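Note sheet for the following structure.
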Amino acid sequence: MAKTIKYLPPPITAPRYSGIQTFMRLPNVRTTEDVDFAVLGAPYDCGASYKNGSRFGPQAIRTASTLMRNYSYDVDVNIFEYLSGVDYGDLDTFPGHTQESYDSITKGLQPIVDAGVIPITMGGDHSITLPELRAVAKKHGPVALVHFDSHLDTWDTYWGLKYAHGTPFRRACEEGLLDTAHSVQVGIRGSQYGPEDIQGSLDLGFQVITANKLHEMGWKECVKKINERVGTAKTFLTFDIDFVDPSMAPGTGTIEVGGFTGYESMMLVAGLKDLNFVAMDMVEVLPVIDQTGRTAYMAASLMHQMISLLALQRKNGKR
Ligand code: MN
Ligand code: MN
């Protein structure tokens with residue numbers, strides 16, 4: 001049964017580019033009351049190992065998202081017939097102060113998670129997923145990770161340091177936040193330090209579907225594999241925009257060629273209709289090198305797809 005639909009984007013009485021630019025023109029309200037999903041920003045980018053600037057990701061995604069409409073063709077659902085959502089604003093982060101920023105992200109996310117609201121967090125670099133997972137696991141216990149990325153992000157250290165955007169999922173495993181037996185990393189490609197990189201993920205218990213394998217099997221088969229792997233586990237969906245090929249998503253700090261189209265990415269997300277999501281995020285959008293804004297628009301579209309999944313699940317009585 002749908003909750004009271006309290007928040008809707010304003011009807012089209014004015015052009016979508018007008019007004020204050022929140023995600024999908026949702027009201028900017030910091031509440032969890034009668035809310036099903038909350039979009040929020042975690043603009044921390046000091047975990048980036050190469051180009052930085054993803055602290056401006058949330059702002060760019062919000063601007064791009066004003067073009068989004070209520071209905072998803074791919075998922076066949078009108079989001080706001082079934083869900084209420086808010087733009088919760090940004091959590092406090094402190095440039096150059098990783099632990100303090102992590103703590104702030106965990107603390108800021110906790111009331112959302114505890115209220116049973118699904119957070120959809122915009123990075124920031126991928127290091128923000130670790131403090132998100134801390135909040136999520138505190139409520140739900142270890143969760144399955146569905147991880148779209150060209151990188152594993154299970155390296156042990158960068159420059160001898162433990163906390164960076166290439167290490168969050170190793171730290172998450174060490175902290176007992178992940179149910180890796182039901183987790184999968186999808187889209188891995190590019191140069192590695194050695195074959196031991198992928199072995200490192202496998203040793204932690206992840207399934208790894210490399211870009212080569214995904215190109216061979218196609219998105220339909222990959223959707224089946226992800227669903228089989230995850231099953232009914234409580235799931236955190238994390239999407240690093242560098243999963244998408246740099247020809248379509250150039251605005252990110254550590255690009256890898258040989259990626260996936262916007263269409264493939266959208267269909268992969270749309271296929272995850274049966275997963276038991278408890279949290280989602282979208283990371284690594286770097287606006288200053290995003291000529292034309294296409295990367296931010298890709299991110300907004302994928303987030304729209306994620307929210308549509310939640311709406312479909314509510315429509316089907318599964319949420
Ligand atoms: Mn990543
Ligand atoms: Mn990546």
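What you are looking at is a predicted structure, and each value in this text was computed from that prediction instead of being measured. Numbering of ligands and ligand atoms starts at 1, following listing order. Residue numbers count from 1 along this sequence.
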| task | Could you tell me whether a side-chain N or O of Thr167 sits under 3.5 Å from a main-chain N or O of Thr154, the two making a donor and an acceptor? | result | no
| What do you reckon, is NZ of Lys51 surrounded by more than 12 foreign heavy atoms closer than 6.0 Å? | no
| note | Checking distances from the Mn ion (ligand 1), one finds that the N, O or S atom of Asp153 closest to it is OD2
| task | For atom NZ of Lys225, decide whether the heavy atoms of other residues, nucleotides or ligands shown that lie under 6.0 angstrom number more than 12. | result | no
| query | How about Phe80 and Tyr82: are their ring centroids closer than 6.0 Å? | reply | no
| remark: Among the N/O/S atoms of His151, the Mn ion (ligand 2) lies closest to ND1
| message | Looking only at N, O or S atoms in Asp149, which is nearest to the Mn ion (ligand 1)? | response | OD2
| query | Are Asp242 and Arg189 within salt-bridge range, i.e. N to O under 4.0 Å? | reply | no
| query | Can you give me the OD2-the Mn ion (ligand 2)-OD2 angle for Asp240 and Asp242, to 10°? | reply | 100°
| field | the Mn ion (ligand 1) reached by His126 (N, O or S, under 2.8 Å) | value | yes
